[in-house]
Structures are given as structure tokens and as C-alpha cells.
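Here's the structure, in C-alpha cells; my notes come after.
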Amino acid sequence: MTTQRTKLPGVGTQYDIETRAGRHISVVTHQDGRRFLGFYEPDDPDACQATVPLDADEASSLAELLAPQDTPRLGTSEMDIDLVTERIPVTTQSPYRSRPLGETRARTRTGAYIVAVLRRTGPHPSPGPEFRLEAGDSVVAVGTREGVDELARIIGGT
């Protein structure tokens, strides 16, 4: 089993866990105490099967159930790379306007994560691959400078 920790500037920290059975689970810890659990397809790291948002109290209760005080903590490895967080606009010219987010294949193609979509009606944290982008949305992406720049080109259609 491996655990990887990645700092998400301006957001918090993401923990990716790959179980011995090959399952990929992601936990995003936001600076305000919220948590999001993400469950991914084993053969496609972009295909999120489900997300579970938790407030700080819910996350604490779940952690207590999963790892009582007498249980040793899992080891983590911190990635020593510079990450950026950027908002990428979805314009009327975008080839992904009105299409599911999964069609971007963002993580596979660029290594960048789409951690939220901001819409006039409100934010959509941890959107799944079926989430449809609309003109006027802003995609919140986290990754290396190169990965986020490439994702901006993909979403912008340039």
C-alpha cells in the first residue's frame, strides 16, 4: 500500500492512497477543515466513481473509527515539486463546453488535477467525470506549472 501527499496551494493537501488490492482513494483536506473522499476506477485515474464531502466533525469521527489511538499511523511521502493552483475559464470557444469533464482526460494528459468547478450558481468541489462544463465556468486546477498551462490550452482549444 502506498500513500502520497501533495500540497495544493490555496486549497489544502491531497492524500492519494493506493491499496494493496489496487484501489485508488483520494482525500483532499481543505484549509477550512472540510474533507472530500474520492474513489477512483483502478484502471483510469481520471474516472472518479464517487465523492463524499465531510465537514471537520464528520472527518474527525470517521478518522477515529478507521484509526483508533492505539493504531500506528500510515507513512506518507511528500512530493518535492512546486505546484500551482489556477482558475481556467471555460469560454464559448472551448471544445469542452457542454461536454462531460471526463472527456478532457485532464489528469492523464497533463498530470494536473481539476479540484473544483466554479459556476455562477455556486462552486462544485471534486466534480466527477460526468460533470458537464458550461461557458462561464472556471475550472480550478492544481498541478505543475507545465501541466496547468497545458490543461488551459486543452480547455481553451488552442
Side-chain angles (χ1 to χ4, degrees), residues 2-19 22-59 62 76-158:
T2 60
T3 303
Q4 189 172 342
R5 181 174 67 179
T6 306
K7 293 180 184 176
L8 304 175
V11 177
T13 305
Q14 179 167 329
Y15 299 89
D16 290 297
I17 301 164
E18 186 171 329
T19 68
R23 294 298 311 252
H24 176 188
I25 302 168
S26 182
V27 178
V28 176
T29 62
H30 289 260
Q31 293 169 338
D32 65 2
R34 291 177 300 133
R35 305 287 193 263
F36 286 89
L37 298 176
F39 303 92
Y40 293 85
E41 293 283 348
D43 57 343
D44 185 357
D46 289 326
C48 185
Q49 293 174 314
T51 61
V52 178
L54 302 169
D55 65 26
D57 291 335
E58 292 167 330
L62 180 60
T76 62
S77 64
E78 186 169 333
M79 294 176 63
D80 190 23
I81 59 173
D82 291 324
L83 294 177
V84 297
T85 303
E86 191 168 305
R87 292 181 183 188
I88 302 170
V90 179
T91 67
T92 56
Q93 311 307 314
S94 173
Y96 294 99
R97 179 179 56 90
S98 301
R99 292 175 57 192
L101 188 61
E103 289 184 15
T104 66
R105 297 184 49 238
R107 194 164 138 193
T108 302
R109 293 169 70 184
T110 69
Y113 289 82
I114 296 176
V115 297
V117 174
L118 306 177
R119 188 168 279 167
R120 288 180 296 269
T121 57
H124 297 272
S126 301
E130 72 289 341
F131 184 89
R132 289 193 176 272
L133 294 172
E134 295 179 2
D137 287 350
S138 288
V139 170
V140 180
V142 175
T144 62
R145 168 58 32 211
E146 297 80 14
V148 171
D149 287 348
E150 179 62 19
L151 181 57
R153 283 189 285 279
I154 289 169
I155 289 178
T158 58

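Of the inter-residue distances, the one linking D149 atom CG with I88 atom CD1 reads 8.5 Å to the nearest 0.5 angstrom. The distance from atom CZ of R34 to atom CG of D32, rounded to the nearest 0.5 Å, is 4.0 Å. In this structure, the separation between OG1 on T104 and CD1 on I154 is 7.5 Å, given to the nearest 0.5 Å. With rounding to the nearest 0.5 angstrom, the CZ atom of R153 is 10.0 Å from the OG1 atom of T110. Here the CG-OG1 distance, from L8 to T13, works out to 6.5 Å after rounding to the nearest 0.5 Å. To the nearest 0.5 Å, atoms CZ (R120) and CG (D137) are separated by 7.5 Å.
Within the 3.5 Å criterion, the main-chain N or O of V90 finds no donor-acceptor partner in the side chain of R97. Counting only distance, with no hydrogens or angles, the side chain of T92 and the backbone of A135 share no donor-acceptor pair below 3.5 Å. S94 places a side-chain N or O within donor-acceptor distance of the main-chain N or O of I155, the cut-off being under 3.5 Å.
Using a cutoff of 4.0 Å between basic side-chain nitrogens and carboxylate oxygens, R119 and E134 are scored as salt-bridged.
Under the 4.5 Å side-chain criterion, counting only non-hydrogen atoms from C-beta, V115 is not in contact with V28. Between V139 and Y96 there is no side-chain heavy-atom pair separated by less than 4.5 Å. Considering only heavy atoms from C-beta on, R145 comes within 4.5 Å of E86 through its side chain. Between Q14 and S26 the shortest side-chain heavy-atom distance falls below 4.5 Å.
Relative ring orientation between F131 and H124 is described as tilted, the plane-to-plane angle lying within the 30° to 60° band.
Partner of L83 under the side chain to side chain contact (heavy atoms under 4.5 Å, CB included) criterion, chosen from T6, V11, V148: T6.
For the residue pair P125 and A116, the shortest heavy atom distance occurs at CA-CB, 4.0 Å. In this structure, S98 and R132 approach most closely via the heavy-atom pair O-NH1, 2.8 Å. In terms of heavy atoms, L151 sits closest to I114 at CD2-CG1, 3.9 Å. Scanning both residues, P95 and G157, for their nearest heavy atoms gives CD-CA, 3.5 Å.
In the displayed structure, R87 atom CZ is contacted under 6.0 Å by at most 12 heavy atoms of other residues, nucleotides or ligands.
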